[in-house]
Amino acid sequence: MIDLRRLREEPDYRSGVERKGASAQSISDVLAADANAREQRVGTEELRAKSNAASKDIGRAAADERQAKIEAAQILKTALQEAESALAAAETHVADLALQLPNPAHASVPDGGEDDYRVELEVGQPGPAPALNHAEIGDKLGLVDTERAVRMSGSRFAYVMGDAVLLQFALVQWVMSKLVQRKFVPVIPPVLVREDMMVDAGFFPTDRSQVYELEKDELFLVGTAEVGLAGIHRGERLEAEMLPRRYVGYSSCFRREAGTYGKDTQGLFRVHQFDKVEMFVYANPAVSWDELELLRQVEEEIFAELEMPYRVITVAAGDLGGAAAKKYDLEVWLPSEQRYREVTSCSNYTDYSARRMGTRVKSEQGTEVMHTLNGTACAIGRTLLAIFENHQRTDGTINVPEVLRPYCGLDILGPTG
RNA sequence: GGAGAGGUGACAGAGUACGGUCGAUUGUGCCUCCCUGCUAAGGAGGUGUCCUCGUAAGGGGACCGUGGGUUCAAAUCCCACCCUCUCCGCCA
């Protein structure tokens, strides 16, 4: 949720919203609706003040004066009710419009859409296409069985099996240790949450079609541990010296992948259920941009140590989504496709999500909405398949990156069974 | 799943039988000051959040789990929901 006061007072804030693709018209509509609602609020509150005073007066009045005073108060009440319902409508109107406005883009974010990203750096030497792509070698070695999974659950499901399972646990444990060393608090959050949590975390209403719903219990399966991590301090006011709070969550993630028919249908790249290690930071607004760089640094370190070529891009304003003010994507080289594909990303949501969550920080300057950031530490499925391709050996097996060997006791991934 | 009890400010804990003087008694904590070799004890005053009008001083409004309702007036009455605790059942 956007900051309406800043929207009407700060030209830079407003232009940041426009760079995200919001029309000048939609912004003026919000501001006009807000001005109207504020004006009505003043009138309504005056009326309510009168009404309150009249009621108090009745309480003090002598018995013989009461009836007349009650009748007068009844008239006030009728007027108040009309003003209140008009005000409620005006406020709903503002909220509906305001929810649709995106968080303004940061000054360092390039203009444009999906193809207008800025490449920040490329690391490592992109390799040639391997003998088998990730789906083929996963199938051949029995590490990923989509055929049987589809028979059971439908398309976009997979069994992860054999050495790949050991490698998954190694990845999780390695990444967790790395983050615990950096003082991130490990968390396993609930993956089923109520609707209001999905709204506050910013996934509803926009991404509702991507989310699995358990109608009978009115619960929703989260698409990322971010939901649970964002909710930890919902409605809380933290002391400034408690910040930053850094969390690292591990959870299964569930996505309906509606509207992606025919896209990335093979293997583990795009499935309905996968596991992910996710970072989340609650930061003082003054230092949140430093925290974004920290998240990026962690992500880079992970892929560098996994010995895979990658690049980092800054996503352009028009491709940011509603909540992010700035986002880095880390893309790993996928040899079979001879291109970089997104494996992790990190964003600064500034105060956009925290405002709805009611997560605030109390400092000497007073109370302000804090900033939240999130970043993928490791999307397990995509990382596994990147390893399958980048570390494929000529004999048809797969090298385990050095850093993971102590965690799984394997040097190479071989056939299952 | 069944039965019962309860959700009040940073915390503890009144108020709810009889709706008005209750944004809310009191204690602890916290802040300022006084007293005081130090510490402790003691004394005085202060101490919620959000919205809004105002340059400011200051004014107004909302908030006693959440959302509705009754009423001139609701922490107090009614309804629904959420949560916590105890007992029973069941399970890991």
Side-chain angles (χ1 to χ4, degrees), chain A residues 1-9 30-99 188-201 204 213-220 227-228 231-243 245 252 285 351-370:
Chain A
M1 171 91 131
I2 204 159
D3 187 332
L4 287 171
R5 181 191 303 267
R6 292 186 67 190
L7 185 66
R8 65 176 184 255
E9 288 174 0
V30 170
L31 289 177
D34 179 49
N36 173 48
R38 279 183 297 127
E39 191 184 321
Q40 290 205 48
R41 187 173 303 124
V42 173
T44 305
E45 285 179 0
E46 273 172 15
L47 211 46
R48 192 179 287 134
K50 272 188 208 167
S51 182
N52 286 347
S55 290
K56 282 200 172 176
D57 192 41
I58 291 168
R60 286 187 294 261
D64 59 330
E65 291 176 342
R66 284 209 173 185
Q67 197 48 44
K69 285 180 188 267
I70 286 173
E71 276 161 27
Q74 278 165 344
I75 292 166
L76 267 178
K77 187 198 179 182
T78 311
L80 178 59
Q81 277 172 338
E82 273 172 36
E84 276 177 340
S85 59
L87 174 61
E91 284 180 333
T92 305
H93 185 54
V94 174
D96 287 348
L97 292 178
L99 274 180
I188 297 177
V191 294
L192 283 167
V193 302
R194 267 200 241 104
E195 183 171 15
D196 53 348
M197 191 59 217
M198 293 300 273
V199 173
D200 287 357
F204 283 5
E213 174 172 1
L214 281 76
E215 209 172 325
K216 191 175 174 188
D217 297 289
E218 296 184 71
L219 290 168
F220 298 82
V227 179
I232 292 177
H233 295 296
R234 179 149 72 144
E236 294 183 15
R237 195 167 43 132
L238 304 180
E239 301 291 335
E241 53 269 27
M242 288 174 71
L243 301 180
R245 303 282 294 179
S252 292
D351 59 1
Y352 194 79
S353 161
R355 177 168 295 107
R356 259 195 281 189
M357 284 284 178
T359 306
R360 293 163 300 158
V361 54
K362 190 180 179 182
S363 62
E364 280 142 26
Q365 299 84 38
T367 303
E368 57 185 327
V369 177
M370 76 173 69

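The chains referred to below are lettered A, B, ... by the order of the sequence lines, with proteins before strands, and numbering in each begins at 1. Given the structure is predicted, the values throughout are model-derived calculations rather than measurements.
Base pairing of B:A75 is not made with any nucleotide, judged by Watson-Crick or G-U wobble geometry with both donor-acceptor distances under 3.5 Å. Checking B:U55 for Watson-Crick or G-U wobble geometry (two distances, each under 3.5 Å) identifies no partner in any strand. With a 3.5 Å ceiling on both atom-pair distances, the Watson-Crick or G-U wobble partner of B:G1 is B:C88. Across every strand in view, B:C81 sits in a pair with B:G65 that passes the Watson-Crick or G-U test at under 3.5 angstrom. When Watson-Crick and G-U wobble pairs are counted only if both distances are under 3.5 Å, B:C18 pairs with no nucleotide at all. Nucleotide B:C30: paired with B:G46 (Watson-Crick or G-U wobble, both distances less than 3.5 Å). Searching all strands for a Watson-Crick or G-U wobble partner of B:U39 with both distances below 3.5 Å returns nothing. Shown here, B:U70 forms no base pair; nothing in the strands shown gives a Watson-Crick or G-U wobble contact with both key distances under 3.5 Å.
Nucleotides B:G60 and B:A12 have their P atoms positioned 32 Å apart, rounded to a whole Å. Taking atom P on both nucleotides, B:U70 is separated from B:G58 by 39 Å, rounded to a whole Å. B:U28 and B:U47 have their C1' atoms separated by 13 Å, with the value rounded to a whole Å. Taking atom P on both B:C51 and B:A3, the two are 43 Å apart, rounded to the nearest angstrom. Nucleotides B:G67 and B:A62, compared at atom P, are 15 Å apart to the nearest Å. Between B:C38 and B:C31, the distance separating the two C1' atoms is 23 Å to the nearest Å. Rounded to the nearest Å, the gap between the P atom of B:C33 and that of B:A40 is 16 Å. Nucleotides B:G29 and B:G68, compared at atom C1', are 37 Å apart to the nearest Å.
The main-chain N or O of A:Val199 is found under 3.5 Å from a side-chain atom of A:Arg356 such that the two form a donor-acceptor pair. Judged by distance alone, with hydrogens and angles left aside, the side-chain atoms of A:Arg360 form no donor-acceptor pair with the main-chain N or O of A:Thr367 at under 3.5 Å. Remark: the backbone N or O of A:His233 is paired with a side-chain donor or acceptor of A:Thr359 at under 3.5 angstrom. Within the 3.5 Å criterion, the main-chain N or O of A:Glu218 finds no donor-acceptor partner in the side chain of A:Arg194. A donor-acceptor pair under 3.5 Å links the side-chain atoms of A:Thr92 to the main chain of A:Ala88, judged by distance alone.
Considering all non-hydrogen atoms of both residues, A:Ala98 and A:Ile2 come closest at O-CG2, 4.2 Å. Residues A:Gly228 and A:Pro189 share a closest heavy-atom pair of CA-CB, 4.1 Å.
For A:Thr367 and B:C50, the shortest distance from a side-chain N or O to OP1 or OP2 is below 4.0 Å. Residue A:Lys77 places at least one side-chain N or O under 4.0 Å from the OP1 or OP2 atom of B:C72.
Look at CD on A:Glu91: it is 10 Å from P on B:U52, rounded to the nearest Å. Rounded to an integer number of Å, the gap from A:Glu9 CD to B:U52 C1' is 13 Å. Spacing between atom NZ of A:Lys56 and atom P of B:C72 amounts to 19 Å, rounded to whole angstrom units. Here B:C50 presents its P atom at 12 Å from CZ of A:Arg5, a figure rounded to the nearest Å. To the nearest angstrom, P of B:U52 lies 8 Å from CG of A:Asp34. Rounded to a whole Å, the CD1 atom of A:Ile70 is 9 Å from the C1' atom of B:A73. Atom pair A:Asp196:CG and B:G65:P shows a separation of 18 Å (rounding to whole Å applied). As rounded to whole Å, 13 Å separates atom P of B:C31 from atom CD of A:Glu239.
With respect to A:Pro285, the side-chain contact (heavy atoms from CB on, under 4.5 Å) criterion is satisfied by exactly one of A:Val361, A:Asp351, A:Val369: A:Val361.
Here A:Arg66 lies in heavy-atom contact (under 4.0 Å) with a base.
Contact of the A:Arg245 side chain with the A:Leu243 side chain is registered, since non-hydrogen atoms from C-beta on lie closer than 4.5 Å. Put simply, the side chain of A:Glu84 reaches to within 4.5 Å of the side chain of A:Arg48, judged on heavy atoms.
Comparing B:G20, B:U49, B:C72 by their closest approach to the side chain of A:Arg237 singles out B:U49.
In this structure, A:Ala73 and A:Ala53 both approach RNA chain B, and ranking their closest nucleotides by distance from the 5' end singles out A:Ala53.
With sequence neighbours excluded, the residues that form a salt bridge (charged side-chain N to carboxylate O under 4.0 Å, His left out) with A:Arg38 are A:Asp34.
Near RNA chain B, meaning a heavy atom under 4.0 Å away, the residues from residues 40-52 of chain A are A:Arg41, A:Val42, A:Glu45, A:Arg48, A:Ala49, A:Asn52.
Within 6.0 Å of CD on A:Glu9 lie more than 12 heavy atoms contributed by other residues, nucleotides or ligands.
A glycosidic torsion no more than 90° from 0 defines the syn conformation; B:A56 lies beyond that range and is anti.
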If you restrict it to nitrogen or oxygen atoms, what contacts under 3.5 Å exist between nucleotides 74-82 of chain B and the protein, and what is each distance?
unit_1	atom_1	unit_2	atom_2	d
B:C82	O3'	A:Arg194	NH2	2.8

